[in-house]
Chemist: 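What follows is a structure written as structure tokens; I'll ask about it next.
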Amino acid sequence: MGCAKKNLETGSAIDVTPSTYEPTTLSGKRTVGMILKATAFQMSGDYSNNVAINLNEDGTINYYPAPSDITENSRPVALEDGWWLNRQGLGPNSVFLRYTFDEYMALPAAPTVEELKAAIIPGARVTAFRRLSYPAGEAMKYLPQIKEELK
């Protein structure tokens, strides 16, 4: 199952497969919805205090947050062996910006696409990405189990 989004730079439609969602069934009979699964990621350096944006395969920006979307709960949580619990909506094609969470939250409006591109830290990217067994909304309750799952 996929969904369509617009490329934020060109306005053209792109296909996005919600690989972090899992179908939910009712008494084994039919699918009644999708549950967002928690994800974990590794990065090319310690950018845990930096806001990230998502890129398409061609390097164009397909998602960036509004400053009001970023909260203290957006910060990733350190797990083990370089893994971090994703709490910002990162994906396998995410890159990190020079903006810290505090700087980004204080902005009066989202930067332009050109400003975002200029703020990408060269080489700062997600290097590994895994979907986890636990619902995203409950992941903080299962940190020991998540750490074990990542071993």
Chemist: Apply the test side chain to side chain contact (heavy atoms under 4.5 Å, CB included) to residues Val51 and Thr100: give CA-CA distance (whole Å), side-chain angles for both, the deciding distance (0.1 Å), then the verdict.
Modeler: CA-CA 6 Å; Val51 172; Thr100 65; over 6 Å; no
Chemist: Any idea which heavy atoms bring Leu90 and Ala52 closest together, and the distance?
Modeler: CG-CB, 3.8 Å
Chemist: Minimum heavy-atom separation for Tyr63 and Asp69, please, with both atom names.
Modeler: OH-OD2, 4.1 Å
Chemist: Can you measure from OG1 (Thr39) to CZ (Arg131) and round to the nearest 0.5 angstrom?
Modeler: 10.5 Å
Chemist: Kindly indicate whether the side chain of Pro111, heavy atoms from C-beta on, has any atom under 4.5 Å from the side chain of Tyr99.
Modeler: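 When only atoms from C-beta onward are counted, Tyr99 and Pro111 do touch, with a gap below 4.5 Å.
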Chemist: Once rounded to the nearest 0.5 Å, what's the spacing between atom OG of Ser94 and atom CZ of Phe129?
Modeler: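 Interatomic distance, Ser94 OG to Phe129 CZ, rounded to 0.5 Å: 7.0 Å.
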Chemist: Taking side chain as C-beta onward, heavy atoms only, is Phe96 less than 4.5 Å from Ile120?
Modeler: no
Chemist: Hey, are the side chains of Pro76 and Phe41 touching, using non-hydrogen atoms and a 4.5 Å cut-off?
Modeler: yes
Chemist: Taking side-chain hydrogen bond (donor to acceptor under 3.5 Å, both in side chains) as the test, write out the residues that go with Gln42, two or more places apart.
Modeler: none
Chemist: Compute whether any side-chain donor of one residue and acceptor of the other, for Asn73 and Thr71, lie under 3.5 angstrom apart.
Modeler: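 No, no side-chain donor-acceptor contact under 3.5 Å.
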Chemist: Do Leu150 and Arg130 have side chains that approach each other closer than 4.5 Å (heavy atoms only, starting at C-beta)?
Modeler: yes
Chemist: Tell me whether Glu138 contacts the main-chain N or O of Pro135 through its side chain, where contact means a donor paired with an acceptor under 3.5 Å.
Modeler: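 It does not hold such a pair.
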Chemist: Is there a side-chain contact between Trp84 and Tyr47, using heavy atoms and a 4.5 Å cut-off?
Modeler: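 Not in contact.
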Chemist: If you define the side chain from C-beta out and look only at heavy atoms, does anything of Val95 sit under 4.5 Å from Ile53?
Modeler: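 A side-chain contact exists here, since the closest heavy-atom pair is under 4.5 Å.
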Chemist: Quiz question: by atom type and distance under 3.5 Å, do the side chains of Asn54 and Asn93 form a donor-acceptor pair?
Modeler: no
Chemist: Would you say Met43 and Ser48 make side-chain contact, with heavy atoms under 4.5 Å?
Modeler: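 Answer yes - side chains close enough.
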Chemist: Checking the side chain of Tyr104 only, and the main-chain atoms of Pro65 only, is there a donor and an acceptor separated by less than 3.5 Å?
Modeler: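 Present.
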Chemist: Drop me the distance from Tyr134's OH to Glu149's CD, to the nearest 0.5 angstrom.
Modeler: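 Interatomic distance, Tyr134 OH to Glu149 CD, rounded to 0.5 Å: 6.0 Å.
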Chemist: If we ignore hydrogens and angles and just use 3.5 Å, is the side chain of Lys37 paired with the main-chain N or O of Leu132 as donor and acceptor?
Modeler: no
Chemist: Would you name the heavy atoms of Ala139 and Ala38 that are closest together and state the gap between them?
Modeler: CB-CB, 3.7 Å
Chemist: Any salt bridge between Lys151 and Glu148, counting N to O under 4.0 Å?
Modeler: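 Looking at Lys151 and Glu148, the cut-off is met.
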Chemist: Indicate yes or no: at least one non-hydrogen side-chain atom of Thr60 is less than 4.5 angstrom from one of Leu55.
Modeler: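 The answer is no; the side chains never approach within 4.5 Å.
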Chemist: Would you check if the side chain of Asn86 reaches a backbone N or O of Gly89 as a donor-acceptor pair within less than 3.5 Å?
Modeler: yes
Chemist: Just how far is it from atom CD of Glu103 to atom CD1 of Ile70, taken to the nearest 0.5 Å?
Modeler: 12.5 Å
Chemist: Roughly how far, to the nearest 0.5 Å, is CE of Met105 from OG of Ser74?
Modeler: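 The distance works out to 7.5 Å.
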Chemist: Where is the tightest heavy-atom contact between Lys117 and Ile61, given as atom of each residue plus distance?
Modeler: CG-CD1, 3.9 Å
Chemist: Between Arg125 (side chain only) and Pro92 (backbone N and O only), is there a donor and an acceptor less than 3.5 Å apart?
Modeler: no
Chemist: Any side-chain to backbone donor/acceptor pair from Ser44 onto Gly123? Under 3.5 Å, distance only.
Modeler: yes
Chemist: Would Asn49 and Arg75 count as having a side-chain donor-acceptor pair, cut-off 3.5 Å?
Modeler: yes
Chemist: Run Leu85 and Arg87 through side chain to side chain contact (heavy atoms under 4.5 Å, CB included) and show every step you take.
Modeler: CA-CA 6 Å; Leu85 180 64; Arg87 300 196 318 160; 4.3 Å; yes
